[in-house]
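Throughout, a chain's letter reflects where its sequence line sits, starting with A, and its residues are numbered from 1.
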Amino acid sequence: MVHDWGEREQVTMPKFKVERVYWLMKSEPEAFSIDDLAKAKNKTSPWDGVRNYKARNYIKDMKIGDYAFFYHSSCKLPAIVGIVEIVSSPYPDPSAWRENSPYFDPKSTPANPRWFMVDVTFKKKFKEPILLQDLRQNPKISDFTLLKKGNRLSILPVTQQQWQSILAMIHEQN
DNA sequence: GCCAACGTTGGC
DNA sequence: GCCAACGTTGGC
């Protein structure tokens, strides 16, 4: 009979559905920008230096294949500037063990690591950054942690709805 | 450079 | 385990 590939796809899709989780990762562009990541070897870099327990726990929740918004903070125009993919499982952050590192923490040891990181790879840089001031104007993401007063976390979970609402803002740009 | 909002530290 | 002092984050 007539093949209905659309319907078949709907039936079989859930079986192969990838459960991807979304995040937002902050970086000060003067320290490490999305262009730095794009220029890195294999466009991939460890995301080191996270020194906050809640953010650390989010890192530990990350899985290979998750996506994250790359956010530029502490700069003239704070904004989401692109997308990265998580390409490693969480593993101990060795910068905590280097005494000359700004991220040195004597309480973290190789035997008992306190801080973790993942490797991220460059996926895309938006033609126009999605500015924080514009995110604040979008009622669909009014609950987004990034926009909450007093938020200081450098790693944030992003719901699928928030992810899509934010991506939709790109198409509204000109 | 200011300052609100947290997180961390350490004395008690 | 409380909490004051201090440090940090990050928008403005």
Open item on the list: From NZ of Lys149(A) over to P of dA5(B), roughly how many Å is that when rounded to an integer?
Closed with: 4 Å
Open item on the list: How many whole angstroms separate atom CZ of Arg56(A) from atom P of dG7(B)?
Closed with: 14 Å
Open item on the list: Please pick, from dG7(B), dG10(C), dC12(C), the nucleotide with the shortest atom-to-atom distance to any side-chain atom of Asn52(A).
Closed with: dG7(B)
Open item on the list: Does Lys26(A) reach a base, just sugar-phosphate, or nothing at all? Heavy atoms under 4.0 Å.
Closed with: sugar-phosphate
Task: Lys/Arg N to Asp/Glu carboxylate O, Arg56(A) vs Asp93(A), below 4.0 Å - done: no
- [ ] For Leu153(A) and dT9(C), give me the distance from atom CG to atom P, rounded to whole Å.
- [x] 12 Å
Task: Closest to the Arg136(A) side chain, choosing from dT9(B), dC12(C), dT8(B) - done: dC12(C)
Task: Under 3.5 Å side-chain donor-acceptor pair for Arg51(A) and Ser95(A) - done: yes
Open item on the list: Surrounding NZ of Lys148(A) (heavy atoms of other residues, nucleotides or ligands, distance under 6.0 Å), is the total greater than 12?
Closed with: yes
Task: Whole-Å gap separating C1' (dT8(B)) and CG (Asp105(A)) - done: 12 Å
- [ ] Nearest whole angstrom, please: distance from the P of dC12(C) to the CG of Leu146(A).
- [x] 10 Å
TODO: Measure from the side chain of Ser154(A), starting at C-beta and using heavy atoms only, and say which of dA4(B), dC12(C), dG10(C) lies closest.
DONE: dG10(C)
TODO: Using atom NE2 of His72(A) as one end and atom P of dC12(C) as the other, report the distance to the nearest whole Å.
DONE: 17 Å
- [ ] Could you tell me the separation between the CD atom of Glu28(A) and the P atom of dT9(C), rounded to a whole number of Å?
- [x] 7 Å
Open item on the list: Using ring centroids (six-membered ring only for Trp), state whether Phe116(A) and Trp47(A) fall under 6.0 Å.
Closed with: no
Task: Between dT9(C) (P) and Leu156(A) (CG): distance, integer Å - done: 15 Å
Task: Proximity of Tyr53(A) and Trp115(A) rings by center, below 6.0 Å - done: yes
- [ ] Please check the phosphate of dT8(C) (OP1 and OP2 only) for any side-chain N or O of Tyr103(A) closer than 4.0 Å.
- [x] no
TODO: Identify whether any heavy atom of Lys107(A) sits under 4.0 Å from a base atom; if not, whether one sits that close to sugar-phosphate; answer base, sugar-phosphate or nothing.
DONE: sugar-phosphate
